[in-house]
Amino acid sequence: MGYVLAIGLASSAVIDVAVGFRLRGVLANARSAARLQLAGSILCAAAFVSVFAGFWIPMEARFAYAVAAGIAFRVAYAFYDIPQNALMALATADGEARDRLAATRIWFSGAATLLVALAVGPLIAARDADGAALFLKLSCVIAAPAVLAAGVLTWRIERAASRFGTQASVSDLPASRLTPAFGLMIALMVITSLFTPLYAKVEPFFAAYVLQSPTLGGAIILSMAAGLALGQPLWARTCARFGRTSTLGIAAVFQVLALTAALPFSGSIAVLIVTGFVFGMGNGGVGMVLWGAFSAVAARDARGRESIVYGYFTATAKLSLAVGGLGLGAALGLFDYRGDEASHLMWLMMGVPLVGAIACLLVAVLWSRAKMPSR
């Protein structure tokens, strides 16, 4: 299963880069990006719902249908995701606006994680046709707001463009070159995609074999998702007042403190819930700075090539997630996590993200030397 997920993520990375190059010149300004995002959201919603309709496909055709639906969703998602990401650079005028937009995105990401975590129980309990119908209904509930939001955003950008004029197109802009700042942003994306997600990936194993309670394990994930969402107003204000360098450092310190505090108290549910919340807060702060800063760098240094750099950026995340998943599978094969060595899961769950948090601190130290936008 680990290889299947890794291959899926790697293929999505290739698609992101290909779509990024395909949209160069088409993704010319905020207006065109909004229209592309709306079209992509419709395609993505249709493909997403079709993935969960496989239960009603005849058994002999189900595998081929699943492969085709999965590929269609990955391609459609790239046409939805890359224009949406590019809007962070194209539809904003300054660093503060980009940081607010990044905070809003991460807030909704945390809220979505909460909703999915709450839905897991009923989905697991459901069986056969009832379960398939429940998955299909949930996919519709997820897809509909995405299309609606893309439509409202397009309408608002069209109104703003008609009032204030359309932004310059790609052909009107001077040539730009990639700078060392992109390398630093790519490095930070690798760190946050390779190390940080191990907390949530190992936590179900920890809940099942150490806590021996999926309910308590769910509480830890919920607390992390709550910290991710609820911390965003704090990080937006911190970034506006102190700048991105300080905010990145503070958020990384939150992660370090949460993970080191949890290690000695692996048997205390209260401590794990509190530290999970703090870790989620720190994770959200790092993510807000990462996306806000990358959007600022793209707007400053990649004019006319936003789709390409965002394609590389999201591809980096997916390749790092793939490597992290394979690494987790290899690590779990080194000890008996179902038996006497289950306690090692705590070190895997906390230790690997701790390495990532320390690496984020190092990036914060290097930040000012790479001529990164401070706000």
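Along the sequence shown, residues are numbered consecutively beginning with 1. Keep in mind that this is a model prediction, so the values were computed, not measured.
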S12 vs R74, side-chain hydrogen bond (donor to acceptor under 3.5 Å, both in side chains): CA-CA, chis, key distance, verdict: CA-CA 6 Å; S12 290; R74 292 181 189 281; 2.6 Å; yes

Decide yes or no for T238 and I250: does some side-chain heavy atom of the first lie under 4.5 Å from some side-chain heavy atom of the second? yes

Kindly give the heavy-atom pair with the smallest separation between L321 and S193, and that separation in Å. CD2-O, 3.3 Å

Measure across C360 and L188 and return the closest heavy-atom pair with its distance rounded to 0.1 Å. SG-CD1, 3.8 Å

Quick check: do L290 and F313 have side-chain heavy atoms less than 4.5 Å from each other? yes

W367 (side chain) donor-acceptor with L184 (main chain) under 3.5 angstrom: no

From the list L90, V309, T314, side-chain contact (heavy atoms from CB on, under 4.5 Å) with N85 holds only for T314

Which is it for F265 and L272 under the side chain to side chain contact (heavy atoms under 4.5 Å, CB included) test, yes or no, and what are the steps along the way? CA-CA 8 Å; F265 302 99; L272 291 174; over 6 Å; no

With hydrophobic residues grouped by side-chain heavy-atom distances under 4.5 Å, do V274 and V253 end up in a single group? no

Apply side-chain hydrogen bond (donor to acceptor under 3.5 Å, both in side chains) to N283 and T196, showing your working. CA-CA 8 Å; N283 190 12; T196 309; 4.9 Å; no

What one should report as the nearest heavy-atom pair of V271 and A261 is CG1-O, 4.2 Å

Any chance you could measure I358, atom CD1, to F195, atom CZ, to the nearest 0.5 Å? 10.5 Å

Within a reach of under 6.0 Å around CZ of R62, are more than 12 heavy atoms found that belong to other residues, nucleotides or ligands? yes

In terms of relative ring orientation, are F52 and F135 parallel, tilted or perpendicular, with 30° and 60° separating the classes? parallel

Close side-chain approach of L23 and F79, heavy atoms under 4.5 Å: yes

Note, S295 side chain near Y310 side chain (heavy atom, < 4.5 Å): yes

Taking side chain as C-beta onward, heavy atoms only, is M185 less than 4.5 Å from T316? no

Going by heavy atoms in the side chains, are L230 and F277 under 4.5 Å from each other? yes

For Y209, all residues meeting ring-ring contact (aromatic ring centres under 6.0 Å, His included), sequence neighbours excluded: Y337

Side chains of L345 and F335, heavy atoms from C-beta outward: is any pair under 4.5 Å? yes

Side chain proximity check, V286 to L248, heavy atoms < 4.5 angstrom: yes

Within a 6.0 Å radius of atom OH on Y77, are there more than 12 heavy atoms belonging to other residues, nucleotides or ligands? no

Checking Q84 side chain against I82 main chain: does a donor-acceptor pair fall under 3.5 Å? no

Can you give me the closest heavy-atom contact between M288 and I106, atom names plus distance? N-CD1, 3.0 Å

Compute both the distance and the angle, then confirm whether R105 meets the cation-pi test with W291: under 6.0 Å from the six-membered ring centre, within 45 degrees of the axis. yes

Tell me whether Y65 at atom OH has more than 12 heavy atoms from other residues, nucleotides or ligands lying less than 6.0 Å away. yes

